[in-house]
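Worksheet for the structure shown next.
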Amino acid sequence: MTKRNSETLSDPELGMHRVIPRRDFLNGAALTIGSALLPDAHHPQNSKSSAEEAQDRPGYNPPLSTGLRGSHPGSFETAHSLRDGTFWKNAPSPQPLSEKYDLIIVGGGISGLAAAHFYRQRAGTNAKILILENHDDFGGHAKRNEFHLGGKLQLLNGGTMLIDSPTPYSAEAAGLLNKLGIDPVALDKTYTDRSLYRSLGLGTGVFFDRETFGSDCLVKTPRGIEEDGSSSGSADAHWQTFLENSPLSLAARRDLLRIETQSVDYLPGLTSAEKKDRLSRISYKDFLLNIAKTDPGVVTFYQTRTNGEWGVGIDAEPALDCWALGLPGFQGLNLEPGAAPHMSYSGAGYTNGGSPRFHFPDGNASIARLLVRNLIPAAVPGNSAEDVVTASANYAQLDSPDSPVRIRLNSTVVRARNLPDSQNPADVEISYATGRDVFSVRGKACVLACWNMTIPFLCPELPEKQKEALHYLVKVPLVYTSVALRNWTAFQKLGVSNLYCPGAYWNSVSLNWVVNIGDYKSPRSPEEPILIHLSRTPCKPGLPAREQHKAGRMELLVTPFEIFERKIRDQLARALAPGGFDPARDIEAITVNRWPHGYGYEYNPLFDPDWPPGQAPHEIGRQRFGHITIANTDSGATAYTDVAINQAYRAVSELM
Ligand SMILES: Cc1cc2nc3c(=O)[nH]c(=O)nc-3n(C[C@H](O)[C@H](O)[C@H](O)COP(=O)(O)OP(=O)(O)OC[C@H]3O[C@@H](n4cnc5c(N)ncnc54)[C@H](O)[C@@H]3O)c2cc1C
């Protein structure tokens, strides 16, 4: 146990003066390769900018960029002006390109890349495919953060973290992984090291922040050492020690101990099915307060436990889904295993097991890179799931006229339309903005693998009902931050490898996964530099889930890098200073992956109706529109890589 009543540190003490690569694009200093040219995206008087060709320049390697990443400045302004109705007022008429494609795909995430793969499977490898992506990198949420610390490559996921789904991968999704050389079970068994941190005595801890809990305090959790949840000795005794060291009130400690360790039937007289039904209609917060009758301090302790899964706290998540996720308090209810009606996709899935799990060092960016290798072999050299981790991508090969598949980055699609039958019955015309130019290009068909809520702006001719349905899908905002540290001796001294931070700005802080795959080796000694992962899910507890996501998105759009940086330095200092951590000395680099449009929206039984089959917004929204079909996880109403692939498969099948 470690305690510290820290004072607020000054900017110099936090290291805000330190020279690290910083980019506060909100203040207009967009330095990202390629995106530097985008803010002027539609000034008719300007000559053709080189934004489109930026990816061909030597040294172009977006994963190396630090500062504000994710939906980086330069990637979204065009789409927002389209949404606001200002784009076409200022834009030049699209210049028609002479290129012709069999398929044009909007969105270079896993769904878009998988759509290209499935199309080639059916149409043949000579099929001409263009993928247009508004970010400066491919992969969508599956983004790679790359650092070279002390001369050694270190990787983290900037978004999509791992192969892990509440349901087993479908034949199509598993088949695609197999084709790419990914066997998650074998990879996990061979390359994931779950013993290193444990062997050093590190486990999980809770950081109680003074704004929420009265004093700053880091306490190792009772299950600190054992990742599987087991602990030596009496669980009660471990919890008691933990609680005594916490700043929680006596009443909160008493009730938390009960919730964690005692088997109480809080709904006596009901069958398992009746209990499940009841729990599916109330939040976990309500369950704790009104059914288990706990002190409100218990709610504060668990408030953000669901944020990583659904992007909102326990005020907006059904108790039954929280049972499925493994939150405590249900031990004595004798609920039968398995899903019940009126559960979320993830909640229902997790009760029945799930998919295998594997984390590549850069998360599912390795899947995106393997897909690109499959589509354009010259762009990502190598031939195995192992060697892709350290392979250097050659971005100059992505949009080569010699390749049947081309990936064009920094290109925001602004219109997708079926051409009138009189012109050519099988033609679509796609317009996109890049740099200061707007181009149009034709194809026989189009898959929109982009965020579904942008589609009404790209295709204003869609039926009103479909547009309304597409707007319903509010994506979940998230921030995943990678921080490079000089060493991790503070973590070692404090005995923690990851922290749950219930009230703090960053909900969690963790040392990087230990994965040794191919030529990639994770750090082993606490004296070595390391990457840590911090996550934040901005939301507004008390509002309905979709309103919370909208509020969180607004927050992200107005938060400059400097604020994120100060929050990182401040929280790490307050949690880790007792272990000798000095933010001014120990932080080497920061990459804030800001995802205002993060997870695909998953229906929440507390707020969304049970739609009749075929009538849910994602089903109405994803209807084929002439030669245009719709993919992306949004059209599966959830946020998993297997769903991105499944939706790509469906969208391509609808075209063929
Ligand atoms: C922080 C985070 C963590 C996640 N972790 C996991 C995880 O661990 N496991 C998991 O299975 N899933 C995870 N997910 C879910 C993830 O969304 C999916 O797994 C998958 O990567 C989504 O792929 P996609 O292609 O459907 O969408 P995206 O990855 O969002 O790709 C769509 C692309 O289309 C682009 N686009 C949008 N509009 C336009 C336009 N007008 N013109 C051109 N391009 C456009 C977007 O910018 C984007 O790059 C995570 C998501 C986030 C945000």
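Numbering of ligands and ligand atoms starts at 1, following listing order.
How far CG of Leu132 is from CG of Leu409: 9.5 Å, rounded to the nearest 0.5 Å. Taken to the nearest 0.5 Å, the NZ atom of Lys128 stands 11.5 Å off from the CD1 atom of Ile104. Separating the CG atom in Leu511 from the OG atom in Ser497 is a distance of 6.0 Å, to the nearest 0.5 Å.
For atom 31 (O) of ligand 1, the nearest protein heavy atom (residue, atom name, distance) is Gly109 CA, 3.5 Å. Taking atom 37 (C) of ligand 1 as the reference point, the nearest protein heavy-atom neighbour is Cys450 CB, 3.3 Å. Among all protein heavy atoms, the one lying closest to atom 45 (C) of ligand 1 is Asn134 OD1, 3.2 Å. Nearest non-hydrogen protein atom to atom 11 (O) of ligand 1 is Thr641 N, 2.8 Å. The protein heavy-atom contact nearest to atom 12 (N) of ligand 1 is Ala639 O, 3.3 Å. Nearest non-hydrogen protein atom to atom 41 (N) of ligand 1 is Val413 O, 3.1 Å. Among protein heavy atoms, atom 51 (C) of ligand 1 sits closest to Tyr599 CD2, 3.4 Å. Distance from atom 27 (O) of ligand 1 to its nearest protein heavy atom, with residue and atom name: Asn632 ND2, 3.1 Å.
Annotation: salt bridge (charged side-chain N to carboxylate O under 4.0 Å, His left out) contacts involving residues 157-171, sequence neighbours excluded, comprise Asp164-Arg357.
Looking at Ala449 against ligand 1, only its backbone comes within 4.0 Å, counting heavy atoms. Under 4.0 angstrom from ligand 1, the non-hydrogen atoms of Trp595 all belong to its side chain. With a 4.0 Å heavy-atom cut-off, ligand 1 is reached by the backbone of Leu132 but not by any atom from C-beta on. Residue contacts with ligand 1 for Thr160 involve both N, CA, C or O and side-chain atoms from C-beta outward (heavy atoms, distance under 4.0 Å). Contact annotation: for Asp164 versus ligand 1, heavy atoms closer than 4.0 Å belong to the backbone alone.
In this structure, Arg536 satisfies the cation-pi test against Tyr505, with its NZ or CZ atom closer than 6.0 Å to the six-membered ring centre and inside 45 degrees of the ring normal. Annotation: cation-pi geometry satisfied between Arg415 and Trp88 (NZ/CZ under 6.0 angstrom from ring centroid, within 45° of ring axis).
Of all the atoms in ligand 1, the ones that sit under 4.0 Å from a non-hydrogen atom of Gly598 are 53 (C). Of all the atoms in ligand 1, the ones that sit under 4.0 Å from a non-hydrogen atom of Leu478 are 1 (C), 2 (C), 52 (C), 53 (C). Of all atoms in ligand 1, listed by their number and element, those nearer than 4.0 Å to a heavy atom of Gly140 are 29 (O), 31 (O), 48 (C), 49 (O). Listed by number with element, the atoms of ligand 1 under 4.0 Å from a non-hydrogen atom of Val106 are 40 (C), 42 (N), 43 (C). The distance from ligand 1 to the heavy atoms of Gly107 drops below 4.0 Å at these ligand atoms: 33 (C), 34 (O), 35 (C), 44 (N). Close approach of ligand 1 to Ala644 is summarised as follows: ligand atoms under 4.0 Å from at least one heavy atom of the residue are 23 (O), 26 (O).
Although no hydrogens or angles enter the test, the distance criterion places a donor-acceptor pair under 3.5 Å between the side chain of His359 and the main chain of Met161. Remark: side-chain polar atoms of Gln548 are paired, donor with acceptor, to backbone N or O of Lys540 under 3.5 angstrom.
Between Tyr601 and Tyr472, the ring planes lie perpendicular to each other; the angle is over 60°, past the 30° to 60° tilted range. Ring orientation note: the planes of Phe439 and Tyr432 are tilted relative to one another, at an angle of 30° to 60°.
At a 3.5 angstrom cut-off on N or O pairs, Leu162 counts as close to ligand 1. Considering backbone and side-chain atoms together, Ser111 places an N or O closer than 3.5 Å to an N or O of ligand 1. Taking distance alone, with nitrogen or oxygen atoms compared against 3.5 Å, Ile110 approaches ligand 1 more closely than that limit. The shortest N or O to N or O distance between Thr633 and ligand 1 is under 3.5 Å. Residue-to-ligand polar distances place His141 within reach of ligand 1: an N/O pair is separated by less than 3.5 Å.
When each of Asn512, Thr66, Asn145, Asn157 is tested with Ser482 by the rule side-chain hydrogen bond (donor to acceptor under 3.5 Å, both in side chains), just one qualifies, namely Asn145.
Ligand 1 lies within reach of Gly159, whose nearest heavy atom is under 4.0 Å from it. At least one heavy atom of Ser411 sits closer than 4.0 Å to an atom of ligand 1.
Surrounding CE of Met554 are at most 12 heavy atoms belonging to other residues, nucleotides or ligands under 6.0 Å away.
Using a 4.5 Å cut-off on side-chain heavy atoms (C-beta onward), Leu180 and Ile367 make contact.
In this structure, the ring of Tyr603 has its center less than 6.0 angstrom from the ring center of His618. In this structure, the ring of Phe360 has its center no less than 6.0 angstrom from the ring center of Tyr191.
Nearest-residue assignment for atom 7 (C) of ligand 1 (options Lys143, Met161, His135; heavy-atom criterion): Met161.
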Begin with the C-alpha distance, continue with both residues' side-chain angles, and end with the deciding distance and a verdict on salt bridge (charged side-chain N to carboxylate O under 4.0 Å, His left out) for Glu429 and Arg417. CA-CA 5 Å; Glu429 184 188 70; Arg417 61 177 179 142; 2.9 Å; yes
